[in-house]
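Okay, structure first, notes after.
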Amino acid sequence: MKSKYKATSYNGSWESSHLYFILLKLESGNFLTDLEVKWLRANGLYETNKIAQEVKLFSQLKSKYKATQYQDSYPDSLLYQILKKLELTESLSNSEYNWLINNELFETAEFFQQQESVKEADFAQLRDKYQANRNSDLSLSSPLYLILQNIDANKNLGESEIKWLEQQGLSETIFIAQELKETREFAALRVKYKVTHYEDVSPKNHLYKVLKRLDLSNQLGEQDINFLKKRKLSKTIEIANNKYANSLKFNIESGENLNEIEIEWLKNNGREDIIALAQQKHFAALKSKYDVLHYQDKSHTSLLYTILQKLELKERLEATDVAWLQETKIEEPQATYSYYRWQQEPQYQGNKLFSGKIRITYHTIEANFYQQEFQRTDNKWNLANASSHWRKADEPKQALQLTNNLQFDKIKENKLKSALLTTRGGAFRDVGKLDEAENCARQAIEYQPKSHHPYTLMGAICFERHQYSDGEYWFQEAIKRGANPRDMDSEIKRVVKNAKDENKRREVIEYLLKKDSQRYAWAKSYLKKSSDNVK
């Protein structure tokens with residue numbers, strides 16, 4: 001019995017054990033008391049307890065279906081499987097039904113016959129109800145019976161079921177099932193979108209199509225909104241508007257920008273808060289793109305936001321915009337470190353907004369503008385301006401390409417010749433072709449000896465070559481012709497900053513500090529950077 005009732009894990013003696021008497025009860029088909037069930041659990045005999053529960057259910061089913069004369073109470077009996085089928089009103093196989101007859105369980109078999117008769121009547125009723133009498137298979141095992149039961153239970157049909165009905169030519173049944181599905185959907189949509197008081201509940205009503213569109217998308221068209229307004233469904237309109245507004249808000253949070261139509265809709269529906277959110281997100285994204293995240297003002301009303309939007313749209317900036325960028329600084333953390341570790345306290349340095357990507361984008365826009373103006377007017381001053389801006393946009397090759405193949409003998413104005421040669425020479429200097437740069441500078445001086453620009457270029461070229469005394473000479477000549485000494489310092493600073501050879505950089509720095517330690521005090525920072533790089 002221990003083996004039969006899966007109690008082999010118990011090691012106690014049978015004479016004094018409760019288990020022996022419990023197994024005897026089970027063997028005789030009697031029920032266990034609550035105390036006996038608790039004892040089995042307390043001793044870890046869960047499988048035995050599970051069998052006991054099955055024995056109990058088996059006994060109850062035998063009583064219910066008039067099969068008590070059958071002596072075997074163990075759950076592996078075929079009768080138990082048959083009785084469970086009857087309990088679920090499932091059909092028996094021919095072999096199972098014959099087994100009942102052979103074991104003289106006629107009353108149990110009668111239960112099955114009664115269930116089948118009820119099912120057959122139900123099947124006939126369903127065929128009439130859902131216009132499916134065209135199908136010739138009237139057996140309860142027909143797929144049609146289960147399909148009709150699903151329809152009657154308000155279940156949506158699957159693709160395979162619809163396909164089967166189509167194969168049987170039961171188009172009326174499909175139509176009824178579809179209509180019932182739409183009726184259920186319409187009822188659910190009316191509840192969801194607050195139109196439960198609406199009298200017409202037929203899915204043929206246009207309201208069903210409107211609510212379905214609303215459920216499948218985030219926005220209703222103007223015609224649908226007007227349809228709802230005429231029927232005074234203000235709560236539905238409010239839900240639709242909130243749904244659309246929330247979808248726009250989600251898009252904004254996901255990094256998308258609003259278009260003009262969406263902005264106009266938000267204004268018309270009093271959702272300026274979402275417009276402000278979009279502008280703040282857009283401003284933050286632009287600040288990140290143009291490397292000015294440390295600018296403190298996060299408001300979408302900031303002048304910086306207006307300027308960045310112009311740059312993003314490749315629009316030219318006003319002179320006042322550029323002046324503001326040149327005057328405004330932001331405090332940015334400066335990467336500094338000691339010999340052994342990074343400093344614990346961050347250091348900050350003030351950088352002008354008109355630098356980095358903002359400066360490059362501005363000059364790129366200007367370069368393209370003047371290039372297009374040259375193509376439109378053939379005025380070569382536009383060519384000189386475009387070339388200058390390409391250089392400032394760190395695109396000297398564009399400047400060189402723009403000034404290639406110039407026929408100076410056809411240009412009458414010496415001032416223009418000098419300007420074109422100076423900007424071309426500057427581009428040669430930018431790409432490291434100093435000999436070509438010098439040739440351009442000297443030609444520019446010949447065309448306009450009183451202009452300081454080519455002299456400044458010559459001074460810069462000499463410093464690039466580490467010919468400092470010659471460079472000083474040319475810079476002085478430039479100053480005599482009106483150049484600002486600060487412009488000379490800017491050219492020298494550029495030489496120091498762009499020096500690739502650390503020894504040459506140190507050389508020019510030491511020269512400058514020796515000449516005027518106060519004027520060139522800024523060079524000390526580059527000297528320190530050189531030392532840090534060596535470390």
Ion pair [X]/[Y], N-O distance below 4.0 Å:
{"X": "Glu472", "Y": "Lys515", "answer": "yes"}
{"X": "Lys267", "Y": "Glu264", "answer": "no"}
{"X": "Arg465", "Y": "Asp435", "answer": "yes"}
{"X": "Glu491", "Y": "Arg429", "answer": "yes"}
{"X": "Glu327", "Y": "Lys352", "answer": "no"}
{"X": "Asp224", "Y": "Lys229", "answer": "no"}
{"X": "Arg481", "Y": "Glu477", "answer": "yes"}
{"X": "Arg505", "Y": "Glu502", "answer": "yes"}

Kindly check if the number of other-residue, nucleotide or ligand heavy atoms within 6.0 Å of [atom1] ([X]) is above 12?
{"X": "Lys243", "atom1": "NZ", "value": "yes"}
{"X": "Gln167", "atom1": "CD", "value": "yes"}
{"X": "Glu413", "atom1": "CD", "value": "yes"}
{"X": "Lys310", "atom1": "NZ", "value": "yes"}
{"X": "Phe250", "atom1": "CZ", "value": "no"}
{"X": "Ile261", "atom1": "CD1", "value": "no"}

Q.
Between Lys249 and Asp273, does the salt bridge (charged side-chain N to carboxylate O under 4.0 Å, His left out) criterion hold? Intermediate values first, please.
A. CA-CA 10 Å; Lys249 191 173 181 180; Asp273 58 318; 5.8 Å; no

Can you give me the closest heavy-atom contact between [X] and [Y], atom names plus distance?
{"X": "Phe186", "Y": "Asp200", "result": "CE2-O, 3.6 Å"}
{"X": "Ala278", "Y": "Leu258", "result": "CB-CD1, 3.5 Å"}
{"X": "Pro203", "Y": "Tyr208", "result": "O-CD2, 3.2 Å"}
{"X": "Thr456", "Y": "Ala478", "result": "OG1-CB, 3.4 Å"}
{"X": "Val495", "Y": "Ala460", "result": "CG2-O, 4.2 Å"}
{"X": "Leu421", "Y": "Cys440", "result": "O-CB, 3.3 Å"}

[X] side-chain N/O to [Y] backbone N/O, donor-acceptor pair under 3.5 Å:
{"X": "Thr328", "Y": "Leu353", "result": "no"}
{"X": "Ser142", "Y": "Leu144", "result": "yes"}
{"X": "Asp321", "Y": "Leu317", "result": "no"}

Q) Is the NZ or CZ atom of Arg359 both under 6.0 Å from the centre of the six-membered ring of Phe354 and within 45° of that ring's axis? A)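 No.
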
Q) When you measure from the centre of the six-membered ring of Phe408, is the NZ or CZ of Lys410 under 6.0 Å away and within 45° of the axis? A)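 No, Lys410 and Phe408 do not form such a contact.
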
Q: Dump the intermediate steps for salt bridge (charged side-chain N to carboxylate O under 4.0 Å, His left out) on Lys163 and Glu166, then the final yes or no.
A: CA-CA 5 Å; Lys163 187 175 182 180; Glu166 288 175 344; over 6 Å; no

Q: Begin with the C-alpha distance, continue with both residues' side-chain angles, and end with the deciding distance and a verdict on side-chain contact (heavy atoms from CB on, under 4.5 Å) for Leu157 and Lys181.
A: CA-CA 9 Å; Leu157 297 184; Lys181 175 187 175 183; over 6 Å; no

Is it the case that the side chains of [Y] and [X] hold a donor-acceptor pair, with the cut-off being a distance below 3.5 Å and no angle test?
{"X": "His282", "Y": "Tyr305", "answer": "yes"}
{"X": "Asn241", "Y": "Arg271", "answer": "no"}
{"X": "Asn150", "Y": "Glu161", "answer": "yes"}
{"X": "Asn382", "Y": "Arg376", "answer": "no"}

Q: Among Trp474, Tyr473, Tyr468, find the one that has a ring pair (Phe, Tyr, Trp, His ring centres under 6.0 Å) with Phe463.
A: Tyr468

Q: Using side chain to side chain contact (heavy atoms under 4.5 Å, CB included) as the criterion, list what pairs up with Lys493, not counting sequence neighbours.
A: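 In terms of side chain to side chain contact (heavy atoms under 4.5 Å, CB included), with neighbours along the sequence ignored, Lys493 is linked to Trp522, Tyr526.
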
Q) For Asp470, which residues count as a salt bridge (charged side-chain N to carboxylate O under 4.0 Å, His left out) partner, sequence neighbours excluded? A) none

Q.
So, using salt bridge (charged side-chain N to carboxylate O under 4.0 Å, His left out) as the criterion, who are the partners of Glu172 when residues are at least two apart?
A.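 Only Arg134 meet the salt bridge (charged side-chain N to carboxylate O under 4.0 Å, His left out) criterion with Glu172.
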
Q) For the rings on Tyr455 and Phe475, is their centre-to-centre separation under 6.0 Å? A) no

